[in-house]
Amino acid sequence: MTRSVFRSLVGWATSRPWLKRFATKTSFGNAVASRFVPGDTLDSAMAAARALRAGGISAVLGLLGENVTSPGRAVAAADAYIRSMERIREEVDLDCSVSVKLTDLGLGFSRALCMSELERVVGSAERSGTLVTIDMEGSTYVDRTLNVFRDVSSRHERIGICLQASLRRTPGDLETLPAECVVRLVKGAYLESPEIAFPKRRDVDAAFVRCFVSLLARGHTVHVATHDPRLLEGACRTAERHGVPWSRVELQMLYGVRRDLQTRFTRQGYPVRVYVPYGDDWYPYLARRLAERPANMWFFLSNLVRMR
Ligand code: FDA
């Protein structure tokens, strides 16, 4: 089965409301989620960040939530992001940044609300000396996300953006970014049509390399967010060959994914940061992680068998 067919099948299955109910209400779903999400609360995320720190790894905290449909939910999400930055300020030994999804701040229904909530979040980040990176969501949000990012970054420094190498439009988007801003480069986690995103893995990988080189040449700070060892090694070699300081390049991976690589690159002396998601709205995040890799279905099924 090709990767895209597998992703479509998982995408279809995980959009069934009954499956979401089953996953979120049973210990089975929670057991599967715990591999990728350390817990529901900010405390659990901070505990995970401390454990990572003990191994020399930094963290980026991500409150789970997306596509809110009411102003109250957007304001509550911004409040939660701000609370996470207050905690980061208290825990002086930790090197933590924060990642936000604009649809969690209301982008889906009000640009104005999303802007004002993001301003509150970034204002708090500046007081804590924390970086806020905006996640990139499905392709229908890319224009709006970049638009809000450009606007807010004209007034604030501690803000970065994620770009998806799999999207055909990304080389063009890259040219519209504010000078030298922080960019997290990822392959892209959302199921997109072939007109919008490269369907073949080797084309995505080649685009990832091209985007990385181009971002470095343009003076951006680049967060290389992948678990692909060849891309990670290539990024390290390219940065070294061009004498790019490590303050401008960082390797990023997801909590619970390729811990071996997280440790290996840290031991080799490279800066590594792990995305630590938390919150009770973990189902869409878990669905994306399962869809990324057919082998994760064995993990899913073995948990189901163990539960019986
Ligand atoms: P690829 O899928 O080719 O995997 C390479 C190897 O990594 C696999 O062979 C396997 O060993 C391992 N692996 C990858 N995924 C795994 C999984 N789920 N479970 C177990 N092993 C796995 N995307 C997006 O669209 N918007 C965003 O804002 C972000 N943000 C983000 C932040 C950070 C810090 C990271 C690391 C990733 C993201 N992503 C993202 C997700 C990204 O787009 C991508 O879907 C995943 O990183 C998986 O792709 P890889 O680059 O790892 O490559």
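Remember, it's 1-based here, ligands and their atoms both numbered in the order they're listed. The chain is numbered in sequence order, starting from 1.
In this structure, a donor-acceptor pair under 3.5 Å is absent between the side chains of D135 and Y141.
Within the set V100, D205, V186, the minimum heavy-atom distance to atom 31 (C) of ligand 1 is found for V186. Taking all heavy atoms of M136, R201, R258, H223 into account, the minimum distance to atom 4 (O) of ligand 1 is reached by R201. By heavy-atom distance, the residue among R273, Q164, R289 lying nearest atom 25 (O) of ligand 1 is Q164.
Residues R150 and P178 meet the side-chain proximity criterion, which asks for heavy atoms closer than 4.5 Å.
Cation-pi contact between R111 and F109: absent, since separation from the ring centre below 6.0 Å together with deviation from the ring axis within 45° is not met.
Polar contact check, K187 against ligand 1: a nitrogen or oxygen pair lies under 3.5 Å apart. Ligand 1 has an N or O atom lying under 3.5 Å from an N or O atom of H227, backbone or side chain. When only interatomic distances are considered, the shortest N/O to N/O separation between G188 and ligand 1 falls below 3.5 Å. Residue T226 places at least one N or O, backbone or side chain, under 3.5 Å from an N or O of ligand 1.
Residue contacts with ligand 1: E192 is excluded, as none of its non-hydrogen atoms falls under 4.0 Å.
Residues meeting the salt bridge (charged side-chain N to carboxylate O under 4.0 Å, His left out) test with R210, sequence neighbours left out: none.
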